[in-house]
Amino acid sequence: MAYRKIRIVKGDITKIKADAIVNAANSSLLGGGGVDGAIHRAGGPDILNDCRAIVARQGGCKTGNAVITTAGRLPAKHVIHTVGPVWNGGDKNEVTLLANCYRHSLELASRHHLATIAFPNISTGIYHFPKELAASIAMNTIVTYLEEHSDIEEVILVCYDDENLRYTEQYYNQHI
Ligand code: ADP
């Protein structure tokens, strides 16, 4: 049952011990504010070194795509960096691009045989994606993936603020 593999928690994703935590990165992959800054600060320079190597190889990361690095000093084993869309009113393909972030991150986890993965509320900070809509996209994309792939054992949604926690729990309780 896909829904049994989903856990919603309130807290700081840098403290989560999972095979992978997901970073809401920007396309430069070279660090930023919000959760991105917190992950690089807590994980140390090894994460940025891996990011630089990826940039040298492929020149950054497009919106909706994902790449994987070490987690440095974090309790997690890997960081999956995905680039969420900036909210621009909703007619710039934002919904599809946000769903792509979740799906591509899960696909990368599967490809690397990672069983547990933790997500922040991608795009809902500096990128201003509406939180209620983002919660529904996150949940539906994760549930669809889990229904189609049995390798992922647990997906943790790590909500940092009360509003995201409320919308995420509400959507889960009403629709999943
Ligand atoms: P984006 O640019 O994708 O909007 P942000 O980092 O600004 O990325 O925000 C994404 C979400 O991450 C926001 O909901 C914010 O509350 C949350 N966030 C910030 N710091 C942390 C953290 N340490 N752990 C988990 N989530 C966090």
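Numbers here are sequence positions counted from 1. Just follow the structure's listing: the first ligand is 1, and inside any ligand the first atom is 1. No hydrogens, no waters, no symmetry mates; every other heavy atom, side chains included, goes into these values.
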Asker: Tell me the protein heavy atom at minimum distance from atom 7 (O) of ligand 1, and give that distance in Å.
Answerer: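 Ranking protein heavy atoms by distance from atom 7 (O) of ligand 1, first comes I126 N, 2.8 Å.
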Asker: Kindly determine whether D161 and K10 satisfy salt bridge (Lys or Arg N to Asp or Glu O under 4.0 Å), including the steps that lead there.
Answerer: CA-CA 7 Å; D161 58 277; K10 173 142 199 260; over 6 Å; no
Asker: Looking at K5 and E154, does any basic side-chain N land under 4.0 Å from a carboxylate oxygen?
Answerer: no
Asker: Measure across T116 and D19 and return the closest heavy-atom pair with its distance rounded to 0.1 Å.
Answerer: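 Scanning both residues, the minimum pair turns out to be OG1-N, 2.9 Å.
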Asker: Please say whether T14 places an N or O atom under 3.5 Å from an N or O atom belonging to ligand 1.
Answerer: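 By distance alone, the answer is no.
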Asker: Check this for me - ligand 1, S123, N or O atoms closer than 3.5 angstrom, yes or no?
Answerer: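 Between S123 and ligand 1 (N or O atoms, distance only) the closest approach is under 3.5 Å.
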Asker: Determine whether a donor-acceptor pair (N or O, by modelled atom type, separation under 3.5 Å) exists between the side chain of T124 and the backbone of N121.
Answerer: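 Side chain of T124 to backbone of N121: a pair is present.
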Asker: Is there a donor in the side chain of S136 and an acceptor in the side chain of Y167, or the other way round, less than 3.5 Å apart?
Answerer: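 Checked: S136/Y167 side chains show no N/O donor-acceptor pair below 3.5 Å.
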Asker: Check whether the side chains of T70 and D46 place a donor and an acceptor atom closer than 3.5 Å, and report yes or no.
Answerer: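 No, because no side-chain N or O of T70 sits under 3.5 Å from a partner of the opposite role on D46.
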Asker: Between V158 and ligand 1, is there a nitrogen or oxygen pair with a distance under 3.5 Å?
Answerer: no
Asker: Would you give the length of the straight line joining atom OG1 of T14 to atom NE2 of H40, rounded to the nearest 0.5 angstrom?
Answerer: 12.5 Å
Asker: Check the side chains of Y127 and N26 for a donor-acceptor pair under 3.5 angstrom, ignoring hydrogens and angles.
Answerer: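 Not at all, the side chains of N26 and Y127 share no donor-acceptor pair under 3.5 Å.
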Asker: Could you tell me the residue and atom name of the protein heavy atom closest to atom 16 (O) of ligand 1, and the distance to it rounded to 0.1 Å?
Answerer: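 Minimum-distance protein heavy atom for atom 16 (O) of ligand 1 reads D161 OD1, 3.1 Å.
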Asker: Is D12 touching ligand 1 with its side chain, its backbone, both, or neither, if touching means heavy atoms under 4.0 Å apart?
Answerer: both
Asker: Under a 3.5 Å threshold, yes or no: a donor from one side chain and an acceptor from the other, between T69 and H78?
Answerer: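 No, no side-chain donor-acceptor contact under 3.5 Å.
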Asker: Got the closest protein heavy atom to atom 22 (C) of ligand 1, with its distance?
Answerer: Y160 CD1, 3.4 Å
Asker: Under a 3.5 Å cutoff, is there a donor and acceptor pairing between the side chains of T82 and N23?
Answerer: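 No pair is found: no donor N or O on one side chain lies under 3.5 Å from an acceptor on the other.
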Asker: Which atoms of ligand 1 have any heavy atom of G34 under 4.0 Å away?
Answerer: 6 (O)
Asker: Counting only heavy atoms closer than 4.0 Å, does ligand 1 sit against the backbone of N164, its side chain, both, or neither?
Answerer: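 The answer is the side chain.
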Asker: Looking at ligand 1, does any of its N/O atoms fall within less than 3.5 Å of an N/O of I13?
Answerer: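 It does: an N or O of I13 is found under 3.5 Å from an N or O of ligand 1.
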Asker: Give the atom numbers and elements of ligand 1 that come within less than 4.0 Å of a heavy atom of A24.
Answerer: 3 (O), 8 (O)
Asker: I need the nearest protein heavy-atom contact for atom 11 (C) of ligand 1: residue, atom name and distance, please.
Answerer: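 Here the closest protein heavy atom is N121 O, 3.3 Å.
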Asker: For atom 12 (O) of ligand 1, which of T124, V22, V35, D36 has the closest heavy atom?
Answerer: V35
Asker: Against ligand 1, does G84 come closer than 4.0 Å with any heavy atom?
Answerer: no
Asker: Under 3.5 Å, N or O to N or O, is I122 touching ligand 1 that way?
Answerer: no
